[in-house]
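See structure below.
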2 protein chains.
Amino acid sequence: MRSDDLDLLRELPLFQGISDAGFRELTQAAFLQRFPAQVTLINEGEHPDFLHVVLEGLVEMFARDRQRETVLTIVQPVSTFILAAVITDEIYLKSARTLVASRILMLPAASVRKVFAEEPAFARAIVGELGFRYREVVRELKNQKLRSGAERLAAWLLGQREIADGAREITIPFEKRVLASLLGMTPENLSRAFATLAAYDVTTSGRRIVIGDPAALWKLVQPSQFIDEWKNGE
Amino acid sequence: MRSDDLDLLRELPLFQGISDAGFRELTQAAFLQRFPAQVTLINEGEHPDFLHVVLEGLVEMFARDRQRETVLTIVQPVSTFILAAVITDEIYLKSARTLVASRILMLPAASVRKVFAEEPAFARAIVGELGFRYREVVRELKNQKLRSGAERLAAWLLGQREIADGAREITIPFEKRVLASLLGMTPENLSRAFATLAAYDVTTSGRRIVIGDPAALWKLVQPSQFIDEWKNGE
DNA sequence: TCGGGGACTTGATCGAGATCAATTTTTTCT
DNA sequence: AGAAAAAATTGATCTCGATCAAGTCCCCGA
(Lines give C-alpha, C1' and ligand atoms only; values in the text may rest on other atoms or scores of the structure.)
Protein backbone atom coordinates (compact mmCIF):
# COMPACT_ATOMS: atom_id res chain seq x y z
CA MET A 1 0.00 0.00 0.00
CA ARG A 2 1.33 3.43 -0.86
CA SER A 3 2.15 5.60 2.09
CA ASP A 4 0.23 8.57 0.68
CA ASP A 5 -2.88 6.38 0.72
CA LEU A 6 -2.33 5.97 4.42
CA ASP A 7 -1.99 9.74 4.69
CA LEU A 8 -5.32 10.17 2.93
CA LEU A 9 -6.89 7.81 5.40
CA ARG A 10 -5.25 9.42 8.39
CA GLU A 11 -6.74 12.76 7.42
CA LEU A 12 -10.33 11.55 7.50
CA PRO A 13 -12.27 12.94 10.46
CA LEU A 14 -12.99 9.37 11.46
CA PHE A 15 -9.34 8.66 12.15
CA GLN A 16 -8.39 11.90 13.85
CA GLY A 17 -7.30 11.61 17.43
CA ILE A 18 -6.62 7.90 17.52
CA SER A 19 -3.17 6.76 18.60
CA ASP A 20 -0.49 5.73 16.12
CA ALA A 21 -0.64 2.25 17.61
CA GLY A 22 -4.37 2.08 16.99
CA PHE A 23 -3.94 3.37 13.48
CA ARG A 24 -1.31 0.72 12.84
CA GLU A 25 -3.61 -1.96 14.23
CA LEU A 26 -6.27 -0.83 11.78
CA THR A 27 -4.05 -0.67 8.75
CA GLN A 28 -1.55 -3.45 9.15
CA ALA A 29 -3.97 -6.17 8.12
CA ALA A 30 -5.71 -3.89 5.64
CA PHE A 31 -5.37 -4.33 1.95
CA LEU A 32 -5.86 -2.22 -1.06
CA GLN A 33 -7.57 -3.46 -4.14
CA ARG A 34 -8.34 -2.14 -7.59
CA PHE A 35 -11.66 -2.99 -9.14
CA PRO A 36 -12.97 -2.35 -12.63
CA ALA A 37 -16.40 -0.76 -13.11
CA GLN A 38 -19.55 -2.74 -12.38
CA VAL A 39 -18.04 -5.03 -9.77
CA THR A 40 -20.19 -5.94 -6.79
CA LEU A 41 -18.21 -5.33 -3.62
CA ILE A 42 -20.76 -6.37 -1.02
CA ASN A 43 -24.23 -7.90 -0.99
CA GLU A 44 -27.03 -7.01 1.37
CA GLY A 45 -27.50 -9.79 3.86
CA GLU A 46 -23.86 -10.70 4.16
CA HIS A 47 -21.87 -10.27 7.32
CA PRO A 48 -19.35 -7.45 7.32
CA ASP A 49 -15.74 -8.55 7.15
CA PHE A 50 -14.23 -5.21 6.24
CA LEU A 51 -14.74 -1.53 6.60
CA HIS A 52 -14.40 -0.22 3.05
CA VAL A 53 -12.80 3.06 2.07
CA VAL A 54 -13.12 4.50 -1.42
CA LEU A 55 -9.77 6.08 -2.25
CA GLU A 56 -10.46 6.62 -5.92
CA GLY A 57 -13.42 6.05 -8.20
CA LEU A 58 -17.14 5.89 -7.43
CA VAL A 59 -19.25 3.36 -5.58
CA GLU A 60 -23.00 2.96 -5.74
CA MET A 61 -24.95 1.70 -2.72
CA PHE A 62 -28.16 0.01 -3.74
CA ALA A 63 -30.83 -2.38 -2.50
CA ARG A 64 -33.16 -4.89 -4.01
CA ASP A 65 -36.58 -6.20 -3.09
CA ARG A 66 -38.18 -8.75 -5.36
CA GLN A 67 -37.81 -7.44 -8.92
CA ARG A 68 -37.22 -3.86 -7.88
CA GLU A 69 -33.91 -2.20 -7.27
CA THR A 70 -33.04 1.28 -6.06
CA VAL A 71 -29.88 3.32 -5.63
CA LEU A 72 -29.57 4.68 -2.10
CA THR A 73 -26.37 6.72 -2.21
CA ILE A 74 -23.28 7.35 -4.27
CA VAL A 75 -20.00 7.19 -2.34
CA GLN A 76 -17.24 9.47 -3.51
CA PRO A 77 -13.58 9.51 -2.47
CA VAL A 78 -12.35 9.78 0.16
CA SER A 79 -14.88 8.20 2.46
CA THR A 80 -15.87 5.01 4.18
CA PHE A 81 -19.02 3.01 3.74
CA ILE A 82 -21.02 0.47 5.73
CA LEU A 83 -19.53 1.66 9.02
CA ALA A 84 -22.83 1.08 10.85
CA ALA A 85 -22.96 -2.60 9.86
CA VAL A 86 -19.32 -3.13 10.83
CA ILE A 87 -19.60 -1.50 14.20
CA THR A 88 -22.89 -3.11 15.20
CA ASP A 89 -21.70 -6.39 13.64
CA GLU A 90 -24.97 -6.88 11.80
CA ILE A 91 -25.71 -7.87 8.23
CA TYR A 92 -25.43 -5.29 5.46
CA LEU A 93 -28.65 -3.51 4.55
CA LYS A 94 -27.20 -2.29 1.27
CA SER A 95 -25.21 -3.74 -1.58
CA ALA A 96 -22.29 -1.92 -3.14
CA ARG A 97 -20.94 -1.92 -6.67
CA THR A 98 -18.30 0.14 -8.43
CA LEU A 99 -19.60 2.61 -11.00
CA VAL A 100 -16.17 3.21 -12.48
CA ALA A 101 -12.76 1.66 -11.94
CA SER A 102 -11.96 2.24 -8.28
CA ARG A 103 -9.33 1.78 -5.65
CA ILE A 104 -10.79 0.43 -2.43
CA LEU A 105 -9.07 0.05 0.91
CA MET A 106 -10.39 -2.69 3.14
CA LEU A 107 -9.88 -2.58 6.90
CA PRO A 108 -10.67 -5.82 8.78
CA ALA A 109 -13.90 -5.43 10.70
CA ALA A 110 -12.39 -7.16 13.73
CA SER A 111 -9.60 -4.58 13.92
CA VAL A 112 -12.11 -1.76 13.67
CA ARG A 113 -14.14 -3.19 16.53
CA LYS A 114 -11.00 -3.83 18.58
CA VAL A 115 -9.72 -0.26 18.27
CA PHE A 116 -13.25 0.99 18.86
CA ALA A 117 -13.36 -0.89 22.15
CA GLU A 118 -9.92 0.23 23.25
CA GLU A 119 -9.66 3.82 22.12
CA PRO A 120 -12.22 6.29 23.41
CA ALA A 121 -11.08 8.83 20.83
CA PHE A 122 -12.04 6.43 18.04
CA ALA A 123 -15.39 5.73 19.68
CA ARG A 124 -16.08 9.44 19.82
CA ALA A 125 -15.06 9.90 16.19
CA ILE A 126 -17.40 7.10 15.19
CA VAL A 127 -20.21 8.86 17.04
CA GLY A 128 -19.54 11.95 14.95
CA GLU A 129 -19.53 9.96 11.73
CA LEU A 130 -22.66 7.94 12.56
CA GLY A 131 -24.48 11.04 13.71
CA PHE A 132 -23.69 12.72 10.42
CA ARG A 133 -24.71 9.71 8.35
CA TYR A 134 -27.92 9.33 10.31
CA ARG A 135 -28.83 12.89 9.55
CA GLU A 136 -28.01 12.36 5.88
CA VAL A 137 -30.51 9.52 5.61
CA VAL A 138 -33.19 11.46 7.47
CA ARG A 139 -32.70 14.28 4.97
CA GLU A 140 -33.03 11.85 2.08
CA LEU A 141 -36.20 10.37 3.53
CA LYS A 142 -37.69 13.87 3.79
CA ASN A 143 -36.55 14.60 0.25
CA GLN A 144 -38.41 11.52 -0.95
CA LYS A 145 -41.58 12.07 1.04
CA LEU A 146 -41.96 15.82 0.65
CA ARG A 147 -40.85 16.55 -2.89
CA SER A 148 -41.99 15.59 -6.38
CA GLY A 149 -39.65 14.01 -8.90
CA ALA A 150 -38.93 17.22 -10.77
CA GLU A 151 -38.29 19.02 -7.49
CA ARG A 152 -35.83 16.36 -6.38
CA LEU A 153 -33.99 16.72 -9.66
CA ALA A 154 -33.90 20.51 -9.32
CA ALA A 155 -32.60 20.21 -5.76
CA TRP A 156 -29.95 17.73 -6.87
CA LEU A 157 -28.82 20.05 -9.65
CA LEU A 158 -28.54 22.98 -7.26
CA GLY A 159 -26.53 20.78 -4.89
CA GLN A 160 -24.12 19.78 -7.63
CA ARG A 161 -23.81 23.42 -8.64
CA GLU A 162 -22.90 24.26 -5.05
CA ILE A 163 -20.25 21.55 -5.01
CA ALA A 164 -18.91 22.85 -8.30
CA ASP A 165 -18.62 26.25 -6.64
CA GLY A 166 -21.45 27.87 -8.54
CA ALA A 167 -20.34 26.77 -12.01
CA ARG A 168 -22.82 27.34 -14.83
CA GLU A 169 -22.18 23.91 -16.25
CA ILE A 170 -22.07 20.67 -14.31
CA THR A 171 -21.48 17.10 -15.40
CA ILE A 172 -23.26 14.03 -14.09
CA PRO A 173 -20.43 11.71 -13.06
CA PHE A 174 -22.40 8.52 -13.84
CA GLU A 175 -25.16 7.20 -16.05
CA LYS A 176 -28.51 8.93 -16.08
CA ARG A 177 -30.24 5.67 -15.23
CA VAL A 178 -28.28 5.69 -11.96
CA LEU A 179 -29.29 9.26 -11.24
CA ALA A 180 -32.91 8.36 -11.98
CA SER A 181 -32.83 5.53 -9.47
CA LEU A 182 -31.05 7.67 -6.88
CA LEU A 183 -33.77 10.29 -7.24
CA GLY A 184 -36.45 7.64 -7.01
CA MET A 185 -37.80 7.62 -10.55
CA THR A 186 -37.52 5.73 -13.82
CA PRO A 187 -35.08 6.76 -16.57
CA GLU A 188 -38.04 7.73 -18.71
CA ASN A 189 -39.36 10.06 -16.07
CA LEU A 190 -35.94 11.58 -15.51
CA SER A 191 -35.91 12.52 -19.19
CA ARG A 192 -39.30 14.13 -18.77
CA ALA A 193 -38.20 15.88 -15.61
CA PHE A 194 -35.33 17.42 -17.57
CA ALA A 195 -37.83 18.43 -20.23
CA THR A 196 -39.91 20.10 -17.51
CA LEU A 197 -36.86 21.97 -16.22
CA ALA A 198 -36.17 23.34 -19.71
CA ALA A 199 -38.81 25.92 -18.82
CA TYR A 200 -36.45 26.97 -16.02
CA ASP A 201 -33.54 27.40 -18.42
CA VAL A 202 -31.91 24.05 -17.78
CA THR A 203 -30.32 22.68 -20.95
CA THR A 204 -28.80 19.24 -21.32
CA SER A 205 -26.38 17.66 -23.69
CA GLY A 206 -25.55 14.13 -22.69
CA ARG A 207 -24.24 14.20 -19.16
CA ARG A 208 -23.47 17.88 -19.25
CA ILE A 209 -26.07 20.24 -17.86
CA VAL A 210 -26.16 24.01 -18.12
CA ILE A 211 -28.08 25.80 -15.40
CA GLY A 212 -28.89 29.10 -17.04
CA ASP A 213 -31.06 30.50 -14.26
CA PRO A 214 -30.30 29.08 -10.81
CA ALA A 215 -32.73 31.52 -9.21
CA ALA A 216 -35.61 29.96 -11.15
CA LEU A 217 -34.74 26.48 -9.87
CA TRP A 218 -34.29 27.94 -6.43
CA LYS A 219 -37.79 29.35 -6.53
CA LEU A 220 -39.16 26.00 -7.70
CA VAL A 221 -37.75 23.90 -4.87
CA GLN A 222 -36.94 26.46 -2.20
CA PRO A 223 -33.97 24.47 -0.89
CA SER A 224 -33.98 24.07 2.84
CA GLN A 225 -31.13 23.41 5.22
CA PHE A 226 -33.50 20.90 6.83
CA ILE A 227 -33.35 18.75 3.71
CA ASP A 228 -30.39 19.83 1.62
CA GLU A 229 -27.14 19.19 3.41
CA TRP A 230 -25.23 21.58 1.15
CA LYS A 231 -27.40 24.50 2.11
CA ASN A 232 -26.19 26.25 5.23
CA GLY A 233 -28.02 29.39 6.25
CA GLU A 234 -28.30 31.67 3.20
CA MET B 1 -38.92 12.87 39.81
CA ARG B 2 -40.00 9.45 40.92
CA SER B 3 -37.21 7.02 41.56
CA ASP B 4 -38.82 4.30 39.48
CA ASP B 5 -38.63 6.66 36.51
CA LEU B 6 -34.92 6.78 37.08
CA ASP B 7 -34.89 3.00 37.15
CA LEU B 8 -36.66 2.89 33.83
CA LEU B 9 -34.05 5.19 32.41
CA ARG B 10 -31.17 3.28 33.92
CA GLU B 11 -32.34 0.11 32.24
CA LEU B 12 -32.19 1.54 28.72
CA PRO B 13 -29.31 0.09 26.69
CA LEU B 14 -28.09 3.64 26.21
CA PHE B 15 -27.37 4.07 29.90
CA GLN B 16 -25.88 0.68 30.62
CA GLY B 17 -22.29 0.68 31.70
CA ILE B 18 -21.95 4.30 32.63
CA SER B 19 -20.81 5.15 36.16
CA ASP B 20 -23.22 6.17 38.88
CA ALA B 21 -21.51 9.54 38.96
CA GLY B 22 -22.10 9.97 35.25
CA PHE B 23 -25.71 8.90 35.60
CA ARG B 24 -26.17 11.41 38.40
CA GLU B 25 -24.60 14.14 36.29
CA LEU B 26 -27.11 13.35 33.57
CA THR B 27 -30.15 13.24 35.76
CA GLN B 28 -29.59 15.82 38.45
CA ALA B 29 -30.43 18.76 36.20
CA ALA B 30 -33.05 16.76 34.32
CA PHE B 31 -36.71 17.41 34.71
CA LEU B 32 -39.84 15.55 34.10
CA GLN B 33 -42.84 17.09 32.47
CA ARG B 34 -46.36 16.05 31.62
CA PHE B 35 -47.86 17.21 28.37
CA PRO B 36 -51.38 16.88 27.04
CA ALA B 37 -51.96 15.54 23.52
CA GLN B 38 -51.07 17.65 20.50
CA VAL B 39 -48.33 19.67 22.15
CA THR B 40 -45.29 20.52 20.04
CA LEU B 41 -42.18 19.57 21.98
CA ILE B 42 -39.52 20.60 19.51
CA ASN B 43 -39.38 22.33 16.14
CA GLU B 44 -37.08 21.47 13.29
CA GLY B 45 -34.40 24.11 12.95
CA GLU B 46 -34.05 24.77 16.67
CA HIS B 47 -30.92 24.02 18.61
CA PRO B 48 -31.12 21.04 20.95
CA ASP B 49 -31.23 21.93 24.61
CA PHE B 50 -32.35 18.56 25.91
CA LEU B 51 -32.23 14.91 25.17
CA HIS B 52 -35.85 13.81 25.45
CA VAL B 53 -37.05 10.51 26.82
CA VAL B 54 -40.64 9.32 26.42
CA LEU B 55 -41.58 7.59 29.68
CA GLU B 56 -45.28 7.33 28.95
CA GLY B 57 -47.51 8.24 26.03
CA LEU B 58 -46.71 8.59 22.35
CA VAL B 59 -44.70 11.11 20.40
CA GLU B 60 -44.82 11.76 16.68
CA MET B 61 -41.72 12.95 14.82
CA PHE B 62 -42.63 14.89 11.71
CA ALA B 63 -41.23 17.36 9.21
CA ARG B 64 -42.57 20.11 7.05
CA ASP B 65 -41.57 21.58 3.72
CA ARG B 66 -43.68 24.36 2.27
CA GLN B 67 -47.28 23.28 2.59
CA ARG B 68 -46.48 19.58 2.93
CA GLU B 69 -46.00 17.68 6.14
CA THR B 70 -45.02 14.10 6.78
CA VAL B 71 -44.73 11.84 9.79
CA LEU B 72 -41.29 10.23 9.99
CA THR B 73 -41.55 8.02 13.06
CA ILE B 74 -43.64 7.31 16.12
CA VAL B 75 -41.72 7.15 19.39
CA GLN B 76 -43.03 4.76 21.99
CA PRO B 77 -42.01 4.43 25.64
CA VAL B 78 -39.40 3.93 26.84
CA SER B 79 -36.99 5.50 24.41
CA THR B 80 -35.07 8.62 23.64
CA PHE B 81 -35.37 10.85 20.63
CA ILE B 82 -33.20 13.37 18.77
CA LEU B 83 -30.01 11.88 20.17
CA ALA B 84 -28.14 12.56 16.92
CA ALA B 85 -28.89 16.29 17.02
CA VAL B 86 -27.90 16.52 20.69
CA ILE B 87 -24.64 14.69 20.29
CA THR B 88 -23.53 16.46 17.11
CA ASP B 89 -24.86 19.74 18.51
CA GLU B 90 -26.67 20.54 15.29
CA ILE B 91 -30.18 21.81 14.62
CA TYR B 92 -33.10 19.40 14.76
CA LEU B 93 -34.14 17.89 11.43
CA LYS B 94 -37.48 16.79 12.81
CA SER B 95 -40.24 18.29 14.91
CA ALA B 96 -41.93 16.40 17.70
CA ARG B 97 -45.43 16.55 19.05
CA THR B 98 -47.35 14.44 21.55
CA LEU B 99 -50.07 12.24 20.10
CA VAL B 100 -51.58 11.52 23.50
CA ALA B 101 -50.95 12.83 27.00
CA SER B 102 -47.34 11.96 27.75
CA ARG B 103 -44.68 12.08 30.39
CA ILE B 104 -41.37 13.31 29.00
CA LEU B 105 -38.03 13.35 30.74
CA MET B 106 -35.61 16.01 29.60
CA LEU B 107 -31.88 15.63 30.10
CA PRO B 108 -29.79 18.77 29.51
CA ALA B 109 -27.87 18.47 26.24
CA ALA B 110 -24.75 19.92 27.86
CA SER B 111 -24.71 17.15 30.47
CA VAL B 112 -25.15 14.52 27.78
CA ARG B 113 -22.21 15.88 25.83
CA LYS B 114 -20.12 16.19 29.02
CA VAL B 115 -20.66 12.58 30.06
CA PHE B 116 -20.16 11.52 26.45
CA ALA B 117 -16.74 13.20 26.46
CA GLU B 118 -15.73 11.78 29.82
CA GLU B 119 -17.08 8.26 29.84
CA PRO B 120 -15.95 5.88 27.11
CA ALA B 121 -18.70 3.45 28.09
CA PHE B 122 -21.32 6.07 27.32
CA ALA B 123 -19.65 6.89 24.02
CA ARG B 124 -19.75 3.22 23.08
CA ALA B 125 -23.39 2.93 24.09
CA ILE B 126 -24.21 5.93 21.94
CA VAL B 127 -22.47 4.25 19.00
CA GLY B 128 -24.75 1.26 19.47
CA GLU B 129 -27.83 3.45 19.63
CA LEU B 130 -26.89 5.59 16.64
CA GLY B 131 -25.94 2.56 14.60
CA PHE B 132 -29.31 1.03 15.31
CA ARG B 133 -31.20 4.23 14.49
CA TYR B 134 -29.22 4.69 11.31
CA ARG B 135 -30.20 1.25 10.16
CA GLU B 136 -33.84 1.96 11.04
CA VAL B 137 -33.92 4.97 8.73
CA VAL B 138 -32.18 3.09 5.92
CA ARG B 139 -34.86 0.42 6.22
CA GLU B 140 -37.58 3.04 6.08
CA LEU B 141 -36.04 4.62 3.00
CA LYS B 142 -36.01 1.23 1.28
CA ASN B 143 -39.59 0.64 2.39
CA GLN B 144 -40.59 3.92 0.72
CA LYS B 145 -38.63 3.45 -2.47
CA LEU B 146 -39.26 -0.24 -3.10
CA ARG B 147 -42.86 -0.81 -2.03
CA SER B 148 -46.26 0.45 -3.07
CA GLY B 149 -48.67 2.04 -0.63
CA ALA B 150 -50.75 -1.08 -0.12
CA GLU B 151 -47.59 -3.13 0.39
CA ARG B 152 -46.30 -0.70 3.01
CA LEU B 153 -49.63 -0.98 4.83
CA ALA B 154 -49.53 -4.77 4.68
CA ALA B 155 -45.96 -4.80 5.98
CA TRP B 156 -46.91 -2.43 8.78
CA LEU B 157 -49.85 -4.63 9.76
CA LEU B 158 -47.65 -7.72 9.85
CA GLY B 159 -45.13 -5.82 11.99
CA GLN B 160 -47.82 -4.80 14.46
CA ARG B 161 -49.06 -8.37 14.52
CA GLU B 162 -45.53 -9.50 15.38
CA ILE B 163 -45.31 -6.98 18.21
CA ALA B 164 -48.70 -8.17 19.47
CA ASP B 165 -47.27 -11.67 19.51
CA GLY B 166 -49.27 -12.98 16.59
CA ALA B 167 -52.64 -11.72 17.79
CA ARG B 168 -55.50 -11.94 15.30
CA GLU B 169 -56.69 -8.47 16.15
CA ILE B 170 -54.55 -5.38 16.47
CA THR B 171 -55.41 -1.79 17.31
CA ILE B 172 -53.89 1.29 15.72
CA PRO B 173 -52.73 3.36 18.70
CA PHE B 174 -53.28 6.71 16.94
CA GLU B 175 -55.40 8.35 14.28
CA LYS B 176 -55.54 6.83 10.83
CA ARG B 177 -54.47 10.13 9.31
CA VAL B 178 -51.21 9.79 11.26
CA LEU B 179 -50.72 6.24 10.02
CA ALA B 180 -51.39 7.43 6.47
CA SER B 181 -48.71 10.08 6.72
CA LEU B 182 -46.26 7.67 8.35
CA LEU B 183 -46.79 5.25 5.48
CA GLY B 184 -46.39 8.06 2.96
CA MET B 185 -49.91 8.39 1.65
CA THR B 186 -53.06 10.46 2.05
CA PRO B 187 -55.87 9.45 4.43
CA GLU B 188 -58.08 8.80 1.39
CA ASN B 189 -55.57 6.41 -0.07
CA LEU B 190 -55.12 4.64 3.23
CA SER B 191 -58.86 3.94 3.22
CA ARG B 192 -58.53 2.52 -0.26
CA ALA B 193 -55.49 0.51 0.71
CA PHE B 194 -57.55 -1.07 3.48
CA ALA B 195 -60.27 -1.76 0.92
CA THR B 196 -57.66 -3.46 -1.26
CA LEU B 197 -56.51 -5.61 1.65
CA ALA B 198 -60.08 -6.78 2.24
CA ALA B 199 -59.34 -9.24 -0.56
CA TYR B 200 -56.63 -10.61 1.73
CA ASP B 201 -59.04 -11.08 4.60
CA VAL B 202 -58.20 -7.89 6.45
CA THR B 203 -61.28 -6.41 8.11
CA THR B 204 -61.43 -3.05 9.86
CA SER B 205 -63.71 -1.50 12.39
CA GLY B 206 -62.48 1.90 13.43
CA ARG B 207 -58.98 1.51 14.74
CA ARG B 208 -59.31 -2.20 15.26
CA ILE B 209 -58.05 -4.47 12.51
CA VAL B 210 -58.57 -8.20 12.19
CA ILE B 211 -55.96 -10.03 10.15
CA GLY B 212 -57.79 -13.18 9.12
CA ASP B 213 -55.13 -14.59 6.86
CA PRO B 214 -51.58 -13.46 7.71
CA ALA B 215 -50.14 -15.83 5.12
CA ALA B 216 -51.97 -13.96 2.36
CA LEU B 217 -50.47 -10.65 3.44
CA TRP B 218 -47.12 -12.35 3.79
CA LYS B 219 -47.32 -13.52 0.20
CA LEU B 220 -48.27 -10.01 -0.93
CA VAL B 221 -45.30 -8.19 0.60
CA GLN B 222 -42.81 -10.96 1.23
CA PRO B 223 -41.37 -9.26 4.31
CA SER B 224 -37.61 -9.10 4.32
CA GLN B 225 -35.19 -8.79 7.19
CA PHE B 226 -33.42 -6.24 5.00
CA ILE B 227 -36.41 -3.91 5.28
CA ASP B 228 -38.55 -5.04 8.17
CA GLU B 229 -36.73 -4.74 11.45
CA TRP B 230 -39.16 -7.09 13.21
CA LYS B 231 -38.40 -9.91 10.84
CA ASN B 232 -35.39 -11.94 11.91
CA GLY B 233 -34.63 -15.01 9.83
CA GLU B 234 -37.75 -17.12 9.46
C1' DT C 1 -78.56 13.25 25.85
C1' DC C 2 -78.09 16.05 22.25
C1' DG C 3 -75.69 18.80 19.08
C1' DG C 4 -71.38 20.03 16.67
C1' DG C 5 -67.10 19.29 14.76
C1' DG C 6 -63.48 16.48 13.44
C1' DA C 7 -62.22 12.02 11.51
C1' DC C 8 -63.13 8.72 8.22
C1' DT C 9 -65.04 6.93 4.00
C1' DT C 10 -66.64 6.96 -0.72
C1' DG C 11 -67.09 8.74 -5.32
C1' DA C 12 -65.44 11.47 -9.23
C1' DT C 13 -61.80 13.60 -11.43
C1' DC C 14 -57.08 14.93 -12.17
C1' DG C 15 -52.12 14.58 -12.40
C1' DA C 16 -47.82 12.25 -11.65
C1' DG C 17 -45.30 8.52 -12.50
C1' DA C 18 -44.79 3.59 -14.48
C1' DT C 19 -44.82 0.63 -18.26
C1' DC C 20 -44.54 -0.80 -22.99
C1' DA C 21 -42.89 0.01 -27.45
C1' DA C 22 -40.25 2.17 -30.89
C1' DT C 23 -36.65 5.24 -32.36
C1' DT C 24 -32.49 7.88 -31.88
C1' DT C 25 -28.12 8.68 -29.84
C1' DT C 26 -24.01 7.30 -27.67
C1' DT C 27 -20.64 4.12 -26.36
C1' DT C 28 -17.93 0.16 -26.94
C1' DC C 29 -15.55 -3.32 -29.27
C1' DT C 30 -13.43 -5.29 -33.17
C1' DA D 1 -14.08 3.26 -39.15
C1' DG D 2 -17.87 0.46 -38.81
C1' DA D 3 -20.89 -2.76 -36.49
C1' DA D 4 -23.08 -4.11 -32.42
C1' DA D 5 -24.71 -3.16 -27.98
C1' DA D 6 -26.24 -0.19 -24.56
C1' DA D 7 -28.26 4.11 -23.09
C1' DA D 8 -31.33 7.78 -23.71
C1' DT D 9 -35.34 9.82 -25.55
C1' DT D 10 -40.08 10.06 -27.17
C1' DG D 11 -44.81 8.66 -27.65
C1' DA D 12 -48.91 6.09 -26.13
C1' DT D 13 -51.23 4.05 -22.60
C1' DC D 14 -52.15 2.52 -17.98
C1' DT D 15 -51.92 2.54 -12.97
C1' DC D 16 -51.38 4.59 -8.72
C1' DG D 17 -51.89 8.16 -5.81
C1' DA D 18 -53.58 13.16 -5.01
C1' DT D 19 -57.21 16.31 -4.88
C1' DC D 20 -61.87 17.92 -4.53
C1' DA D 21 -66.40 17.18 -2.90
C1' DA D 22 -70.00 14.98 -0.40
C1' DG D 23 -71.68 12.27 2.90
C1' DT D 24 -71.32 9.32 7.17
C1' DC D 25 -69.63 8.08 11.52
C1' DC D 26 -67.90 8.89 15.90
C1' DC D 27 -66.30 11.24 19.81
C1' DC D 28 -66.41 15.03 22.95
C1' DG D 29 -68.36 18.63 25.50
C1' DA D 30 -72.25 21.38 27.05
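The chains referred to below are lettered A, B, ... by the order of the sequence lines, with proteins before strands, and numbering in each begins at 1.
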Legend entry - N or O in side chain of T186(B) less than 4.0 angstrom from dA18(D) OP1/OP2: yes
Inset, instruction - To the nearest Å, give me how far apart NZ (K145(B)) and P (dA18(C)) are. - result: 11 Å
Legend entry - Interatomic distance, R147(B) CZ vs dG17(C) C1' [rounded to whole Å]: 20 Å
Legend entry - Closest listed nucleotide, where the reference is the side chain of N189(B) and the choices are dG17(D), dC8(C), dG17(C): dG17(D)
Inset, instruction - Please report, rounded to the nearest Å, how far the P atom of dA18(C) is from the CG atom of L146(B). - result: 12 Å
Inset, instruction - Select one nucleotide: of dT19(D), dC8(C), dA18(C), the one nearest the side-chain heavy atoms of E188(B). - result: dT19(D)
Inset, instruction - Considering only NZ, NE, NH1 and NH2 on the basic side and carboxylate oxygens on the acidic side, decide whether E140(A) and K145(B) come within less than 4.0 Å. - result: no
Inset, instruction - Whole angstrom is fine here: how far is it from CD1 in I172(A) over to P in dA7(D)? - result: 15 Å
Inset, instruction - Ignoring the backbone of E175(B), work out which of dA18(C), dA7(D), dC8(C) is nearest its side chain. - result: dC8(C)
Inset, instruction - Check whether any side-chain heavy atom of F35(B) lies under 4.5 Å from a side-chain heavy atom of I104(B), and answer yes or no. - result: yes
Inset, instruction - Before accepting this row, confirm whether a basic side-chain N of the pair E162(A)/K231(A) lies closer than 4.0 Å to the acidic partner's carboxylate O. - result: no
Inset, instruction - Answer yes or no: side-chain N or O of R192(A) and base N or O of dG11(D) forming a donor-acceptor pair under 3.5 Å. - result: yes
Inset, instruction - Report the distance from atom CE of M185(A) to atom P of dA18(C), rounded to the nearest whole Å. - result: 8 Å
Inset, instruction - Could you tell me whether E69(B) and R97(B) have a side-chain N and a carboxylate O separated by less than 4.0 Å? - result: yes
Inset, instruction - Return the value, rounded to whole Å, for the distance between atom CZ of F174(A) and atom P of dT26(C). - result: 20 Å
Legend entry - Basic-acidic side-chain contact under 4.0 Å: R133(A), E136(A): yes
Legend entry - Position toward the 5' end of DNA chain C (nearest nucleotide), G206(A) or G149(A): G149(A)
Inset, instruction - Take the protein atom CZ of R152(A) and the nucleotide atom P of dA16(C), then report the distance between them rounded to whole Å. - result: 13 Å
Inset, instruction - Would you please confirm or rule out a distance under 4.0 Å between OP1 or OP2 of dT26(C) and any side-chain N or O of K176(A)? - result: no
Inset, instruction - Grab the CD-C1' distance between E151(B) and dC16(D) for me, whole Å please. - result: 12 Å
